[in-house]
Each structure stands twice: as C-alpha cells, then as structure tokens.
Amino acid sequence: WITSHGEIKALNQLTISPQVSGEIVHIHPGLEVGALVKAQDFLLRIDPQTYQAAYDEARATVMRLKAIIKRLGIEQSCDQRRLKILKRNKALALTELERSRRLLKFHKVGNQSAVDRKEQDYNSAADMADQLAAKVEMLPIRIREASSNLAAAQAQLNLAGIHLKRCTLQAPFSGRVKAVFVEQYQ
C-alpha cells in the first residue's frame with residue numbers, strides 16, 4: 001500500500017465545439033461537470049433549419065441539372081435527325097431552283113416569278129438547315145457546360161450534407177465531462 005500526494009490527469013483531453021454556427025436547440029440532459037459520457041453519445045444539437053434548406057436547395061439544383069443534361073442529350077439526338085432531313089430539303093430546293101432556271105432560260109417555260117418563288121424556297125430551306133446545324137454544333141458545348149455545373153452542384157450538395165450532419169455534436173470517445181460552456185438557445 002503506497003500513500004502519496006499528487007495530481008491525476010486524464011490521458012485524453014479534448015475541447016469539443018460545434019463546427020457549424022447556429023442556435024443550440026437541444027443539449028444532452030446529463031451534460032454537466034463530472035458526468036460520464038459514452039463514445040457517440042449525443043451532446044448537443046444546433047438548429048438545422050438553415051442547413052436543411054441549403055441541402056434541399058443543393059439537391060434540387062443537382063436534380064434540375066441532371067434533367068437539363070438528359071433533355072439536351074435527347075434534343076441533340078432529335079436535332080441531328082432533323083438536320084439530315086433539312087439538308088435533304090435544302091438539296092431538293094436547290095435542284096428545283098436550278099431546274100426552274102434552266103427551263104426558263106433555255107426553253108422559255110415558266111416565268112421569273114416562279115423562279116423567284118423557287119429561290120425563296122431554297123433560301124428558306126438553307127436558312128433552316130444552317131440554323132439547326134449551328135444549334136447542333138452548340139449542343140455538345142451546352143452539355144459540357146451543364147455537366148460542369150452539375151459537378152459544382154454535387155460538390156455543394158456534399159458540403160451542405162456535411163454541414164447538416166455537423167448540427168449534431170457527439171462525443172468522440174467515452175470519458176468524463178470536465179467543464180461545460182454552453183447553454184440551450186445560445
């Protein structure tokens with residue numbers, strides 16, 4: 001049996017504080033000096049409403065961007081098919097215009113008004129095909145842009161999820177409470 005004077009210190013000491021800010025809405029009822037806590041015991045909860053709203057908004061943004069990417073993919077597929085048709089219409093309109101011009105010039109069949117209408121038809125078909133070709137050319141760029149935005153939104157969603165989880169503070173290991181510097185609704 002040994003009798004001595006001295007000081008006993010805990011092997012592990014840790015100051016625990018929340019990693020997010022906000023109003024404390026609940027504190028563990030037994031969280032007081034000298035109390036024993038077990039690993040993963042709930043210690044306090046910060047009002048999660050703002051963090052939940054940020055998480056919900058980020059999730060909605062991710063869902064919206066996924067829908068946009070899907071829509072752009074479908075649009076690209078449809079527009080590529082339409083472009084083939086419009087290019088064929090353009091070629092047919094050009095053939096018809098050239099035929100009308102030859103008939104009028106060499107055989108005096110038809111009139112200039114008919115040739116002008118065929119030219120208008122060709123110009124209209126060419127314009128539609130050119131516009132759609134430009135749109136089809138831009139779609140991969142728009143899809144890459146939306147994909148980049150989706151990656152950023154997913155990162156925001158992950159961050160919002162981390163912040164939401166941090167609204168609940170748990171004991172990292174079992175031990176005894178040395179001091180408490182927190183009050184509810186603080």
Side-chain angles (χ1 to χ4, degrees), residues 1-84 131-186:
W1 186 259
I2 300 174
T3 304
S4 177
H5 295 285
E7 187 176 309
I8 298 174
K9 289 190 176 184
L11 180 61
N12 294 319
Q13 277 191 21
L14 178 66
T15 300
I16 300 173
S17 62
Q19 294 178 314
V20 294
S21 62
E23 182 179 341
I24 297 170
V25 292
H26 185 73
I27 298 175
H28 185 286
L31 188 62
E32 51 191 44
V33 175
L36 292 173
V37 292
K38 295 178 190 162
Q40 302 305 310
D41 270 1
F42 161 82
L43 300 177
L44 62 86
R45 180 154 179 88
I46 293 174
D47 185 359
Q49 292 180 53
T50 303
Y51 298 103
Q52 183 67 54
Y55 180 83
D56 293 345
E57 180 181 14
R59 188 179 61 218
T61 300
V62 165
M63 290 170 50
R64 180 178 54 82
L65 288 168
K66 284 180 178 180
I68 287 171
I69 291 168
K70 183 176 181 178
R71 180 183 50 81
L72 288 173
I74 292 169
E75 193 175 316
Q76 182 179 32
S77 177
C78 290
D79 285 351
Q80 285 171 339
R81 287 192 302 273
R82 282 185 56 227
L83 183 59
K84 287 179 184 178
Q131 284 184 22
L132 190 57
K135 181 182 175 193
V136 166
E137 191 175 314
M138 290 298 294
L139 278 169
I141 295 168
R142 291 176 60 201
I143 290 170
R144 283 193 303 273
E145 180 182 22
S147 296
S148 294
N149 290 340
L150 176 59
Q154 286 173 325
Q156 282 299 110
L157 179 60
N158 291 340
L159 183 60
I162 290 167
H163 287 161
L164 187 58
K165 285 179 185 175
R166 289 179 175 170
C167 286
T168 300
L169 190 61
Q170 294 176 300
F173 52 83
S174 297
R176 186 173 301 275
V177 177
K178 181 180 176 183
V180 178
F181 303 107
V182 66
E183 294 177 15
Q184 196 162 342
Y185 306 111
Q186 184 175 348

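Proximity of Cys167 to Val20: side-chain heavy atoms (C-beta onward) are separated by under 4.5 Å at one or more points. Using a 4.5 Å heavy-atom cutoff, the side chains of Leu150 and Lys66 are in contact. With contacts defined as side-chain heavy-atom distances shorter than 4.5 Å, the pair Gln76/Ile143 qualifies. Considering only heavy atoms from C-beta on, Lys135 comes within 4.5 Å of Glu75 through its side chain.
In terms of heavy atoms, Ile68 sits closest to Ala146 at CG2-CB, 4.2 Å. The two residues Gln80 and Val136 have their closest heavy-atom pair at CG-CG1, 3.8 Å. The nearest pair of heavy atoms linking Leu132 to Leu83 is CD2-N, 3.5 Å. Contact detail for Val25 and Ile46: the closest heavy-atom pair is CG2-C, 4.1 Å. Nearest heavy-atom pair across Gln40 and Pro172 is NE2-O, 4.4 Å. Nearest heavy atoms, Pro29 versus Glu32: O-OE1, 4.4 Å.
Remark: the Gln52 side chain and the Asp56 side chain contain an N/O donor-acceptor pair separated by less than 3.5 Å.
Not one N or O on the side chain of Thr168 forms a donor-acceptor pair closer than 3.5 Å with the backbone of Arg45.
We find the CG-CD1 distance between Leu72 and Ile141 to be 12.0 Å, quoted to the nearest 0.5 Å. Leu43 contributes atom CG, which lies 11.5 Å from atom OG of Ser17 (distance to the nearest 0.5 angstrom). Here the OG-CD distance, from Ser21 to Glu23, works out to 11.5 Å after rounding to the nearest 0.5 Å. Of the inter-residue distances, the one linking Leu164 atom CG with Arg166 atom CZ reads 11.5 Å to the nearest 0.5 angstrom. Taken from CD1 in Ile162 to CG in Leu157, the straight-line distance is 10.0 Å, to the nearest 0.5 Å. Note that OG of Ser147 is 3.5 Å distant from CD1 of Ile69, once rounded to the nearest 0.5 Å.
For Gln49, the CD atom counts as loosely surrounded, since its 6.0 Å shell holds 12 or fewer non-hydrogen atoms of other residues, nucleotides or ligands.
In this structure, His28 and Phe42 have tilted ring planes: the angle between them lies in the 30° to 60° band.
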Could you walk me through whether Ser148 and Arg144 pass the side-chain hydrogen bond (donor to acceptor under 3.5 Å, both in side chains) check?
-> CA-CA 6 Å; Ser148 294; Arg144 283 193 303 273; over 6 Å; no
